[in-house]
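Position 1 is the first residue of the sequence, and the numbers go up from there. For ligands, and for the atoms within them, numbers begin at 1 and follow the listed sequence. Everything quoted here is computed from the prediction, not taken from an experiment.
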Amino acid sequence: MLDISFAKPALPNAGALVLLIHEGDKPSGLWQQADEATGGAIARAFEVAEFNGGKGKTCSILAPGAGLTRVLAIGLGKEDNVKQTVLEDAGGSIASSLARESTVSVAADGLKPGQAAEVALGAVLRGYRFDRYRTKEKAEDKPKLAALTLLTDHPNRAKSAFEPLKGVANGVFVTRDLVSEPPNILNPVEMAARCEKLSELGLQVEVLGPTEMHALGFGALMGVAQGSVNEPRMVVMHWNGAKKAGEKPVCFVGKGVTFDTGGISIKPAGGMEDMKWDMAGAGAVIGLMAALAGRAAKVNAIGLVGLVENMPSGSAQRPGDVVTSYSGQTIEVINTDAEGRLVLADVLWYAQEKYDPKFMVDLATLTGAMIIGLGHEYAGVFSNNDQLAERLVKAGEISGEKLWRMPLHENYDKQIKSDIADMKNIGGRPGGSITAAQFIQRFVNKKPWAHLDIAGMAWSGKDAPTIPKGATAYGVRLLDRLVADHYED
Ligand code: BES
Ligand code: MN
Ligand code: ZN
């Protein structure tokens, strides 16, 4: 993780200097000092580039004098309306555009201490790399930037504001590491082992194997797992941070299909490698639990993940099989590629029955149809509870992990009616994400619940300001915000 420090404002005489500028501001503080030390080079560059601090605008000046390698100015827009995402994005653009610099100072003397911390968070998030499997990378292809100093009038306050954000960034990295791992390494057993390691953070971690899950009657989850030589696992992670005794927990459930071939209803070859990230819902739940522990959130939270590999083989389940879920409801498996809902069915029923939570939120890369519907900008949220849905949508706006509410309605139920069982596991093409959510709703037993279909959000094909291309960890920041704003005592 990029090393962050905070110090009192003093003009550096080496390395790169970043200026964070509000639209329409006049030079003052470090900005003014740097301009004077460079003989007006900054003012001249701004003039030529027509840079005035507009949101997202930047101006880069190479070798301006005064010992500096460069000055990078980033516009924040009007001072009275700087959103958290703008500050984080500024931090992200520092980490990406100055990756080849070794010493970087950020003039944050025009910002509040909490805002300086948010810039730092953005830089840390963008600085993430998954390079575990590179053995031949040349030094010149690696980023040099390892440390960032933010210059602020209140370094101690900025540092305390950054402390919890560091815990959240660590959670995001936990998720990104899991989602990036190749599927031969990260099978359900390995993923459960990685969860167990998180007990270092103060989480209590329980792992259930096939014997326990079979004995409990997890017929839906076990049916998906039966074609793979890699055994399934269910992991339950507890964070007990509430100050009040006996507070009911909040509960998060993740789909963890470590590889989804489709099973006997096998997927086409093109792009199938993407299905290594079919465990991103579980990955987000695990990273969220790490984040809550890392910032010592005052909440009781439980994270449950159902971990399976969906493979075709002589022992795999067949289209037409009928399985009995943990809830007792029977399911006709028409398509073995609609496996995520089968996994969630058993884990959700277990969660509500065993822990009687305040609410359950599940996350799943559940349907390709969700990508058709919302693309790669919003995840879909389906909920039986307006308050929970509204809080989630709001947390999405603040965190930048956006959610769009989708409908649930009993009229969709006819699409998942089976001729021989209580339901079938697919509802045809029309409203494919909705019939999947209708299916899952049958396993929440009327508890306040929201289902997040993150199929379009878990992986990114291109760099974004605070997210390098690859695993996004969508959901961690969103749900951390939900908890922080509504469920801590
Ligand atoms: N994991 C997939 C959904 C998915 C597809 C996520 C592409 C991300 C990118 C899920 O298990 C699946 O295969 N869903 C099927 C459901 C269908 C068989 C009803 C789908 O969306 O095609
Ligand atoms: Mn599938
Ligand atoms: Zn899947």
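Ring centers of Tyr487 and Phe359: under 6.0 Å apart, within the cut-off.
Listed by chain and number, the protein atoms of type N/O/S under 2.8 Å from the Zn ion (ligand 3) are Lys255 NZ, Asp260 OD2, Asp278 OD2, Glu339 OE2; waters are omitted. Protein contacts to the Mn ion (ligand 2) involving N, O or S atoms at a distance below 2.8 Å are Asp260 OD2, Asp337 O, Asp337 OD1, Glu339 OE1.
At distances below 3.5 Å, at least one donor-acceptor pair connects side-chain atoms of Thr472 with backbone N or O atoms of Met457. A donor-acceptor pair under 3.5 Å is formed between the side chain of Asp453 and the backbone N or O of Leu366. Not one N or O on the side chain of Ser228 forms a donor-acceptor pair closer than 3.5 Å with the backbone of Asn310. In this structure, Ser325 contributes its side chain and Gln329 its backbone to a donor-acceptor pair below 3.5 Å. Side chain of Gln438 to backbone of Asp413: no donor-acceptor contact under 3.5 angstrom is found. Side-chain N or O atoms of Asp422 include one that pairs as donor or acceptor with a backbone N or O of Thr330 at under 3.5 Å. For the pair Asp346 (side chain) and Ala220 (backbone), a donor-acceptor distance under 3.5 Å is present.
Proximity of Lys255 to ligand 1 is established by a heavy-atom distance of less than 4.0 Å. For Lys267, the heavy-atom gap to ligand 1 drops under 4.0 angstrom. Ligand 1 is approached by Ile371 to a heavy-atom distance shorter than 4.0 Å.
Under the 30°/60° scheme for interplanar angles, the aromatic rings of His451 and Trp449 are found to lie parallel. Phe173 and Tyr128 have tilted rings, their planes meeting at an angle from 30° to 60° on a 0 to 90° scale.
A donor-acceptor pair shorter than 3.5 Å cannot be found between the side chains of Tyr378 and Arg405. The closest side-chain donor-acceptor pair between Asp278 and Thr365 falls under 3.5 angstrom.
The residue Trp459 has no part lying near ligand 1, judged by heavy-atom distances below 4.0 Å. Both the backbone and the side chain of Asp337 come within 4.0 Å of ligand 1, counting heavy atoms alone.
When each atom of ligand 1 is checked for a heavy atom of Glu339 under 4.0 Å away, the hits are 11 (O). Of all atoms in ligand 1, listed by their number and element, those nearer than 4.0 Å to a heavy atom of Trp277 are 8 (C), 9 (C). For ligand 1 and Asn335, the ligand atoms under 4.0 Å from any heavy atom of the residue are 18 (C).
Across Val322 and Ala421, no two heavy atoms sit closer than the pair CG1-CB, 4.1 Å.
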*Glu247 and Lys298: salt bridge (charged side-chain N to carboxylate O under 4.0 Å, His left out), yes or no, with the steps?*
CA-CA 10 Å; Glu247 264 302 280; Lys298 296 188 199 65; over 6 Å; no
*Should Met423 and Phe439 be marked as a side-chain contact (heavy atoms from CB on, under 4.5 Å) after you check the CA-CA gap, both sets of side-chain angles, and the distance that decides it?*
CA-CA 8 Å; Met423 68 197 89; Phe439 178 98; 3.5 Å; yes
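Shortest contact from atom 19 (C) of ligand 1 to any protein heavy atom: Ile426 CG2, 3.4 Å. If you check which protein heavy atom lies closest to atom 7 (C) of ligand 1, you get Met275 CE, 3.6 Å. Closest to atom 2 (C) of ligand 1, if we only count protein heavy atoms, is Asp260 OD2, 3.6 Å. Ranking protein heavy atoms by distance to atom 21 (O) of ligand 1, first place goes to Gly368 N, 2.7 Å. Among protein heavy atoms, atom 10 (C) of ligand 1 sits closest to Leu366 O, 3.3 Å.
Residue Lys166 qualifies as open at atom NZ: its count of foreign heavy atoms under 6.0 Å is 12 or below.
For ligand 1, the polar-atom distance check finds no N/O of Ala369 at less than 3.5 Å from any of the ligand's N/O atoms. For the pair Arg341 and ligand 1, the shortest N or O to N or O distance does not fall below 3.5 Å. Residue Thr365 places at least one N or O, backbone or side chain, under 3.5 Å from an N or O of ligand 1.
Using a cutoff of 4.0 Å between basic side-chain nitrogens and carboxylate oxygens, Arg176 and Glu181 are not scored as salt-bridged.
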